[in-house]
Each structure stands twice: as C-alpha cells, then as structure tokens.
Amino acid sequence: MGILDSKVPSGPLAEKWTKHKNKINLVNPANKRNIDIIVVGTGLAGGSAAATLAELGYNVKTFCYQDSPRRAHSIAAQGGINAAKNYQGDGDSAYRLFYDTIKGGDYRSREANVHRLAEESANIIDQCVAQGVPFARDYGGLLDNRSFGGVLVSRTFYAKGQTGQQLLLGAYSAMNRQINRGKIKPYNRHEMMDMVLVDGKARGIIARNLVTGEIERHSAHAVVLATGGYGNVFFLSTNAMGSNVMAAWRAHRRGAFFANPCFTQIHPTCIPVSGDHQSKLTLMSESLRNDGRIWVPKRIEDAQAIREGKLKPTQLKEEDRDYYLERRYPAFGNLVPRDVASRAAKERCDAGFGVNKTGEAVYLDFASAVQRYGKEEALTRGMKNADSKTITQLGKDIIEAKYGNLFQMYEKIVDENPYETPMMIYPAVHYTMGGLWVDYNLQTTIEGCYCAGEANFSDHGANRLGASALMQGLADGYFVLPYTIGDYLSNDIRTGAISTDSPEFEYAEKEVKDRINKLMSAKGQHSVDYYHKKLGKIMWDKCGMARNAQGLEEAIVEISALRADFWENVKIPGGTDGMNAELEKAGRVADFLELGELFAKDALTRQESCGGHFREEYQTEEGEALRDDENFKFVSAWEYKGEPKDAVLHKEDLVYENIELKTRSYK
Amino acid sequence: MKLNLKIWRQKDANTKGEMVDYTINGVEGDMSFLEMLDVLNEDLINKGKEPVQFDHDCREGICGSCSLQINGEPHGPDRLVTTCQLHMRKFNDGDTIVIEPFRATAFPVIKDLVVDRTAFDRIQQAGGYISVNTSGNTVDANATPIEKDKADDSFYAATCIGCGACVAACKNASAMLFTSAKVSQFALLPQGRVEATERVENMVRQMDLEGFGNCTNTGACEVECPKGISLENIARMNREYLSATVKG
Ligand SMILES: Cc1cc2nc3c(=O)[nH]c(=O)nc-3n(C[C@H](O)[C@H](O)[C@H](O)COP(=O)(O)OP(=O)(O)OC[C@H]3O[C@@H](n4cnc5c(N)ncnc54)[C@H](O)[C@@H]3O)c2cc1C
Ligand code: SF4
Ligand code: FES
C-alpha cells in the first residue's frame, strides 16, 4: 500500500512473530556498546524499553518531563493488566485474548500486532512477578484475577486499584538497576522539543532542561518515542496534567505519519464534572463494574426529585430503577465495553434521567454486591443465621478489601460515603487509540524513529478494552522493541558516535529557540489555560462522545481561528532561563491546537461509526454504532504538509485473514 | 470563600526567598487545593505577574509530585491525602493559609514551592531493585506461591508514592520511612531475598550520603504520610540492616 508498508511477516498468524524473531538481524553484544539510543518517555512503555535496551548492552539516554521516571502518567492506572494465562481455567487462551481485543477495537486494528500482543501477554506477568511486583494473591498463594469490560473470562491481574503504580515501579526499578550500572543516563525534568533528522534518519532530539531553561542537543543512532497519549487536547480528561502530544507532534512535523487521530476513548466510570474551575477528571476504575450495578431512575419525576435533593437514591425501590445496561445488553450487562457503556449513559442523561445537579451522572451501586458478599462470607464463617447488620458489615469489608482505595478517593473528592450511597459517575476522555503510525517493527515513517505504548496507534483499533494499555506498553517495551530495533541498528555498527555539531542539529535548535521566542513575545492578554479550555470545549462539544459532519466542520474553523488568536494574544509571564510552567504549557497547547484540527478532520473523513468514534449519521435503529467495512476498513495515516487542513491522507488497508468481520454485539 | 494566603516565593536555588501575602476570593469547597492555586495563578497572570510555581501532575494522589507544606503540615491538615486530593471544604471563609515548600537539606528548593527530591531516586538506584534480566525467560509467575499476608504487606509497603512528606514532617529530616518502605517491599518477597544484604546496606549508605538526618523514632512521618506507610517498615529495615551488618 504505497508508502505505508506495514512489514507484517507472511505465514500463519500464530507463527508470524516467532518466525520474524528468528529472521531478524542481530547486533553483536560487543557492538551494542557502540550504539546509543534515546528513549523519550519513561512510563510503562519507555521505562521497560529503556531498561531492556540497556540490559542488552546499548547505551541509553532517557527523557521525561517529571522530576523522576517513577511519576510518569502510567503510575495512575488503576484496574489491572490482562494476560492470557488461563490460571482460572475459564477457557482463556492467546487466541481468545486476540479475538476479544480485535472485536473490542471494532475491527480497526492490525491483526498481526494484536496477536503478538496476546502471545506476549503471559510473559509479562512472569517478568513482573520476577521483578517483585506485588500482584494480588489468593489464600493459596497464587495470583488472583478479575474481569473487565468486553470479555467473558477473568484474565486481569491487579494490585488493588493501583496496578499501574506497581507495574511502573517495577519498570522503574529495572531502570534503576541499569542507571546504577551506568547503562542508562536519565535526563529528568527535560522536555523533548524537536526531533533531528540526518539524511532522513532520526539521529537525535532537541530538549529543554526545564530547570535551567537551557536548550540541549542529544544525538543517538535511534530515537524511541514512548510519550503517552494526547487526551489532554480535551483539557478535561483523566490524564495527568502534563500529558501532551508535543514529542509525537514534532516527529509528525518531521515526517512521521499520524494515524487515526479521532479514535478517542471515553471512559464510562469517572467522577462527574462539578464546576468551571475543575482542572482534571478522576477515573473510578472500570473493575468497579464487576460488582457495581449501573442505574438511573425509571421515572423522569424521580430523576428530577433526586436532582433537586428531595429524594435519595437509596429510597428508590428496586422496581423503580432502570438498570439500563443489564436491560439492553443481557449477555454482558454492566461489563459491556467502554464505548458502549459510555454512550448508553449519555443516552439516558440526554433523555433527562441524569442524577446530579448538572444532569450528567448515573449511579454505580454496590448495595446488592454488599449483600451477596456478606451472605457468602457469613456462610463460609459458619454463621448460618447471621442478622442483616452482620451480613452488611461483612459485605462492606469484602468490598473494602477489593476497592478500598477507590472508595476512599471518591469520598475525598465528592464528600459522600460510597459504602452508604451509590457513587455517581459519568463518561470522560481517557485514552487515545490514535497516535504515530508504526509498522510491525514499531518504526514510524521516519527511519530510526520508533514509537511505543499509547503514543503509537497499532493495537487497539477504534476502542481499547480495559486493562490492555498496560499490557501493550510493557509488551512493546520489554519484548517487542528490543528485538525489532536491533534489525535496524545492525546497519549502524560502523557508524560511530553521531556528532551534534552538524547543520541539522544547529538548524533544529534554532527553530526551537525561535519558537520559544515567538511564544514569549506574543505579550497578549490571555493565559495559556484560557486557550486550552476553549480548545477543550470545542473538542468535547463537537468531537466528543458523538460527532456529526456539521459540528466537525465548525470545529475545524473554530480551532484554526483559535490557533491564530493564540499565537497573537497569548500571555506568558516570566523568562526563558529557568523554570517556567507557563512556557511549558504554552508549547504543549500550541501543538494541541494543531492536533485538534487534524483530529476533527480525521473524524469528518471517517463516515462510519466504530468504537469510540460515533458519527450520529451512522447508527442502527437501536442506536448502536454502524460500521462501514466496505469503505472504511483502513487506518488513516496523515502526512504533514504545513497547516492541518493541508494534511494528506494515506490509507493502510486492514487485512483480516483470521477473523471474520462481524457486527459487534454484546446483547 | 475568601482566603488569605502566605506563600513562599523564591526565584531559584541561589536567590533568597520570602513569604508573600495574597488574597483570593470565590474559593469553593469542592475545589482541590491545587485548583485553588490555579485560580490564584490565573489571576496573577492576568495582572502580569509571575504565577506561583508548584509541582503536580496526576492530581489523583498517586504520582507523588505535589508537595506543599500547608500551615506547617506536609499535604495539609487532612489525614491520608496528598495536596492534590485535599479539598477546600477543609478550610473556612477568612482563613489564613501558610504555604511553603517541603524543607530539608536533602531537598533543595528549585523555585517557589518546587523542591528537588532526586535524592530519593539515588537511594533506589543504589539497590532498590531485584537483579533480574528484563528480556523474558523468567519462571512461571505461579511457580512460587506467596502467602497472601506477605504479598499484601509487600504491596502496602510498595504503595509509597515517594512524595517526601515523611522527610518534611520529621524534625531530623530523616528518610527512614521512605527507605524502609522500599526495602520492605522486596524483603517480604521470596524473589527479593537473595540480594537482601547488599540491598539494605547500599540503600542505607546512600540515604546517609544524601544528607538526610537520623531517625529518632518520633513517628511524625507516619502521621503525615498520605499513604499510611507504617512504622513497622522501619523496624523491619532495622532488622534487615542489623542482620546484614552482623553477617557482613
Ligand atoms: C486514571 C487512569 C487509569 C488507567 N487504568 C488503566 C488500567 O487499569 N489498565 C490499563 O491497561 N490501562 C489503564 N490506563 C491507561 C494506561 O495507564 C496508559 O495508556 C499507559 O500507562 C500509557 O503508558 P505509556 O508508557 O505509553 O505513556 P505514559 O505513562 O503516559 O508516559 C509518557 C512519558 O512520556 C514523557 N513525555 C511526554 N512528553 C514528553 C516530552 N515532550 N519530552 C520528554 N518526555 C515526555 C512523560 O514524562 C512520561 O514519562 C489508565 C489511564 C488513566 C489515565
Ligand atoms: S513514606 Fe509516605 S510520606 Fe514518605 S515518601 Fe512514601 S508516601 Fe510519601
Ligand atoms: S499531583 Fe500526583 S500525587 Fe498529587
């Protein structure tokens, strides 16, 4: 397909990866010492990649904008990580994980990549346990599992509601070992501002030291971007405040294609927005849907009374509640995938059944789980005639053991006790499935520039199933990239150190400095946040949970006007030589203002509904997403040509050799 | 709510800092403490002044970036929360709030409320890991069963977010709670036992090199720790250290 060569190996699906690994070029251990690799981003993807590349013998430099790699956004992941271990004996297998992921992604991901992910998944758990990641265990001392949306098996490994934290600390400890050995040189509080190409190959980056303000040149034989997702284009999201698109976008401007920018995941279980001053949204892990039941009142009068504070949810009788997910999707119930659950919540709230002041919230109720667990526990303890108070208490204890920290977090934010009254939740922007286009080797369309984790596009299609981002980040970093990058680097064993004195470095550095000066000299009247919030509102209203042609066309015009205004009128106090958070934000928002427009353009082009991309014009009579495989079974990969409006679309046709494309149904 | 803020302002590590007074209006109870500072900063920017610099990222109480000394307490008056999860409903109209950076010799101020906590990273680099190859071929994860209580205790130790509140709370600016949490996580797991001796020795040596003070068992660290890391970890580390030095 033209310039988009996916490099997917031939042969049967289940043998592709093994065959590929056997044929790949290797670098002799002695030569690895002469090769430098830059890894930008130290989340799960970057941290695991850096540690493993260093372990193999390469010289690695890592970059992150936080003061320590341990604080990367991955730390916040709550629910868990999938792996096809079939420890539960409930019928899981690599094939089933592959199938669930492809189906969950609404058939918009690449078969071979997803199968490789499923194959490597089991390996990840072994690796992490060996590193000392304290996963939850049962009383027999074995690993415990739970399930997540969109699947019918229990394959999610977890460490309470802090799985991302524990996995990241695992990767970070592996990094520490290599730092101690001198194989990784960490550059924390450093931001990649641009990528440097020499003879068309990625050969380094320009970074800003966020403490001193210095602009630095760093060279390497290859550059790995593991810089996370761009959900913050919406301003309000569950992402860490500093998450940004800058590194990926700078690479895009240098020639890396940007794939499926409009595929955004809206997560159904977040704490609802409370007011205008809000800076970010907090996720309540999807694992809560294992035990929590989702409902709104059946009667609109009841919903209204609840909103006005005249009625309490606990006063509403069972038969007056509408468990709309269980009603609409009997097979999967509360465990339908995120896109389905999100749209269903929006549908109920739009129809007037929302339960908080703004009318944008539904209930997540643990009352029946408390009773169920309480009774079970009473029986196991030999209490045949336990009274209801005891049962409730026992049940609450079990819920606390499972989700205690999430309940605590909810209480701190909302000031209500979720053990006594149902939680309120609403969908929020969470994860971006789009990202830099990569081939099977995780190389972008720039030679020598690789991309891993959430920053690339490859594995989740139009919707990501729960607990699979952590899996992808670690698979990419520990097990895929360290192999595939060797194939490329085997041609570099005689290159020698790359000089940073070349005209290419000089030129890129000058561009970065000019851009900073331009931002600083705008001397307008509005803060960076003013623009970011405006952009976020356009994105949420017109490119959010539901989109239509008219809204998207408006968004394109509005974003482009906002961008022009930003460059004229933004106000950044302080100087460039030293720490300046406003300047950091400004650089990131400037890139969001370009990405946002491309996002809308991509959504406009994709005239179908799939996964997280819901075009109102394309839906079934029952309000479900209506895919168009005939015309849109492709990855859209955008080539930079100046303004986002001039971006050129390339299509990678998605070939399904092993799976029959079906209408996604969770009924 | 209207609040009076006294905030530490310091241009950089080499410039002397000072407390500066600000007033802020329209603070709502469901704002987080950091959102309250966002509002202040927006106002400062609109007035052409430099906003107050503070560290933050996740705003979910998990990354450990946020680090404010609020009315003399790290992370403020509420228990078991980080600054980003502290909500303004804990304060009253007309209150005066003193906001300072975490203070400890080993945590030099970078700017305003931002301090350098990389000493923590160096302690972990000195040995806070299990020396296992990261490229696969490890044994099956269920091959070594781990007692649930042990696994849970290891997990609780591992939930330390590296925020440094324990150091800021301690009159000696000791890093014992942090270091002991890191040591404990591995000490409790079979995988970590093999190199336990070197680990505890190396980490403690690095902790001392970084200029943290001694532990005099005051327990302020446990009180202020947002993650409820318990003093038991310090006891465990002391045992580990003792047996390491006896062996050595
Ligand atoms: C609240 C929450 C809960 C989640 N729960 C789950 C879950 O239960 N299961 C699951 O599978 N997934 C979950 N996810 C998704 C998952 O956490 C992320 O997709 C994943 O961690 C991303 O990892 P990453 O390594 O690709 O990027 P990140 O962890 O985002 O790391 C990005 C890195 O890039 C660096 N960086 C970015 N830009 C620059 C730059 N310009 N210069 C230098 N450095 C830069 C950052 O400093 C950071 O180190 C959750 C996400 C959120 C927000
Ligand atoms: S022990 Fe507690 S206070 Fe100290 S760094 Fe860890 S989480 Fe913070
Ligand atoms: S900002 Fe992450 S813990 Fe407070």
Side-chain angles (χ1 to χ4, degrees), chain A residues 48 51-52 55-56 66-68 70-71 73 75-76 87 123 125-127 129-132 134 137-143 159-160 162 165-166 169 173-174 176-177 179-180 188 211 240-242 274-275 277-280 282 409 412-413 415 478-479 482 527 529 571 573-574 578-579 581-582, chain B residues 12 28 30-31 34-35 38-39 42 45-46 48-51 53 55-65 81 85 87 89 110-111 114 116-118 121 124-126 128-136 138-142 145-148 151 154-155 158-159 162 185-186 189 191-192:
Chain A
S48 56
T52 310
E55 171 100 53
L56 290 173
Q66 294 92 346
D67 65 333
S68 164
R70 68 160 334 278
R71 304 202 208 281
H73 165 66
I75 199 94
Y87 282 156
N123 233 339
I125 303 302
D126 297 341
Q127 181 67 55
V129 166
Q131 276 166 353
R137 302 223 165 216
D138 62 22
Y139 283 101
L142 302 179
L143 292 160
K160 276 232 167 139
Q162 280 138 281
Q165 175 188 37
Q166 294 309 319
L169 293 181
S173 71
N176 279 336
R177 180 166 162 252
I179 294 170
N180 201 19
N188 307 335
V211 176
M241 296 290 284
S274 69
H277 51 260
Q278 201 148 356
S279 58
K280 90 153 261 200
T282 303
M409 190 151 90
K412 291 287 176 213
I413 296 173
D415 205 23
Y478 283 137
F479 304 126
S527 69
D529 277 356
K571 171 150 95 180
M579 193 168 255
E582 289 302 306
Chain B
D12 54 42
E28 289 162 33
D30 57 6
M31 283 182 186
L34 298 185
E35 283 167 352
D38 290 342
V39 173
E42 184 78 15
I45 295 167
N46 288 335
K49 296 191 185 143
E50 262 205 70
Q53 188 101 26
D55 250 336
H56 68 103
D57 200 20
C58 74
R59 296 206 175 189
E60 280 192 21
I62 191 79
C63 73
S65 297
V81 283
Q85 297 276 281
H87 282 74
R89 61 178 85 91
I110 295 177
K111 183 173 183 174
V114 179
D116 179 352
R117 285 170 286 181
T118 45
D121 291 278
Q124 291 178 85
Q125 283 153 22
Y129 45 78
I130 291 177
S131 300
V132 56
N133 198 317
T134 42
S135 24
T138 42
V139 295
D140 184 87
N142 260 349
I146 303 178
E147 232 174 280
K148 184 170 176 359
S154 170
F155 167 78
T159 56
Q185 177 197 348
F186 297 118
L189 295 174
Q191 292 88 355

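Worth knowing before you read on, the calculation uses all heavy atoms, side chains too, and leaves out hydrogens, waters and symmetry mates. Throughout, a chain's letter reflects where its sequence line sits, starting with A, and its residues are numbered from 1. Since the structure is predicted, the reported quantities are computational estimates derived from the model, not experimental observations.
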Looking only at T118(B), D116(B), N46(B), most heavy-atom pairs under 4.5 Å shared with chain A are made by N46(B)

In terms of heavy-atom pairs under 4.5 Å with chain A, the winner among D140(B), L34(B), V114(B) is D140(B)

Checked E50(B), E60(B), K49(B), Q191(B) vs chain A; the most non-hydrogen pairs under 4.5 Å come from E60(B)

Ranked by heavy-atom pairs below 4.5 Å to chain B, first place among Q278(A), H73(A), Q66(A), Q166(A) goes to Q166(A)

Whatever's closer than 4.5 Å to a heavy atom in chain B on F479(A) counts as side chain

Looking only at I413(A), D126(A), V129(A), the option with the highest number of non-hydrogen pairs under 4.5 Å against chain B is D126(A)

The interface call for F155(B) against chain A, heavy-atom contacts under 4.5 Å, is both

* Asked: Just by distance, with hydrogens left out, do Y129(B) and N180(A) show a side-chain donor and acceptor under 3.5 Å apart?
  -> yes

Whatever's closer than 4.5 Å to a heavy atom in chain B on I125(A) counts as both

Under 4.5 Å to a heavy atom of chain B? For E55(A) that would be side chain

Per-residue tally against chain B (heavy atom, under 4.5 Å) across A159(A), A174(A), G275(A) peaks at A159(A)

Taken to the nearest 0.5 Å, the spacing of D55(B) CG from D67(A) CG works out to 5.5 Å

Whatever's closer than 4.5 Å to a heavy atom in chain A on D12(B) counts as neither

dist M409(A):CE -> T282(A):OG1 (nearest 0.5 Å) comes out at 6.0 Å

Between the CD atom in E582(A) and the NZ atom in K571(A), the distance rounded to the nearest 0.5 Å is 11.0 Å

If you tally heavy-atom pairs under 4.5 Å between each of V39(B), V139(B), L189(B), I146(B) and chain A, the highest tally belongs to I146(B)

Between T159(B) and Q165(A) the two heavy atoms that sit nearest each other are O-NE2, 3.2 Å

Residues T134(B) and Y478(A): closest non-hydrogen pair is O-CD2, 3.6 Å

Interface check, chain A: of R117(B), E147(B), Q85(B), Q53(B), most non-hydrogen pairs under 4.5 Å belong to Q53(B)

Here the pair of heavy atoms bringing R89(B) nearest to D415(A) is CD-OD2, 3.2 Å

Looking only at L142(A), N188(A), N176(A), most heavy-atom pairs under 4.5 Å shared with chain B are made by N176(A)

Of the listed A240(A), A76(A), G140(A), the one with the largest count of heavy-atom pairs under 4.5 Å with chain B is A240(A)

Distance col, row S154(B):OG vs R137(A):CZ, nearest 0.5 angstrom, shows 10.0 Å

Ranking G128(B), G61(B), G162(B), P51(B) by heavy-atom pairs under 4.5 Å to chain A gives rank one to G162(B)

For M579(A) and K111(B), the nearest pair of non-hydrogen atoms, with its separation, is O-NZ, 2.8 Å

Cut-off 4.5 Å, heavy atoms of chain A, and the answer for I110(B) is side chain

*asked:* Please check: side-chain N/O of K280(A) versus main-chain N/O of M241(A), any donor-acceptor pairing under 3.5 Å?
replied: no

Answer key: most heavy-atom pairs under 4.5 Å with chain B among L143(A), V211(A), N123(A) is L143(A)

Hey, is the main chain of C63(B) close enough, under 3.5 Å, to the side chain of R71(A) for a donor-acceptor pair?
-> yes

Cut-off 4.5 Å, heavy atoms of chain B, and the answer for L169(A) is side chain

Rounded to the nearest 0.5 Å, the NE2 atom of H56(B) sits from the OG atom of S279(A) at a distance of 8.5 Å

Bottom line for Q185(B): the part with an atom under 4.5 Å from chain A's heavy atoms is side chain

Rounding to 0.5 Å, atoms CZ (R70(A)) and OG (S65(B)) come to a distance of 8.5 Å

The interface call for D138(A) against chain B, heavy-atom contacts under 4.5 Å, is backbone

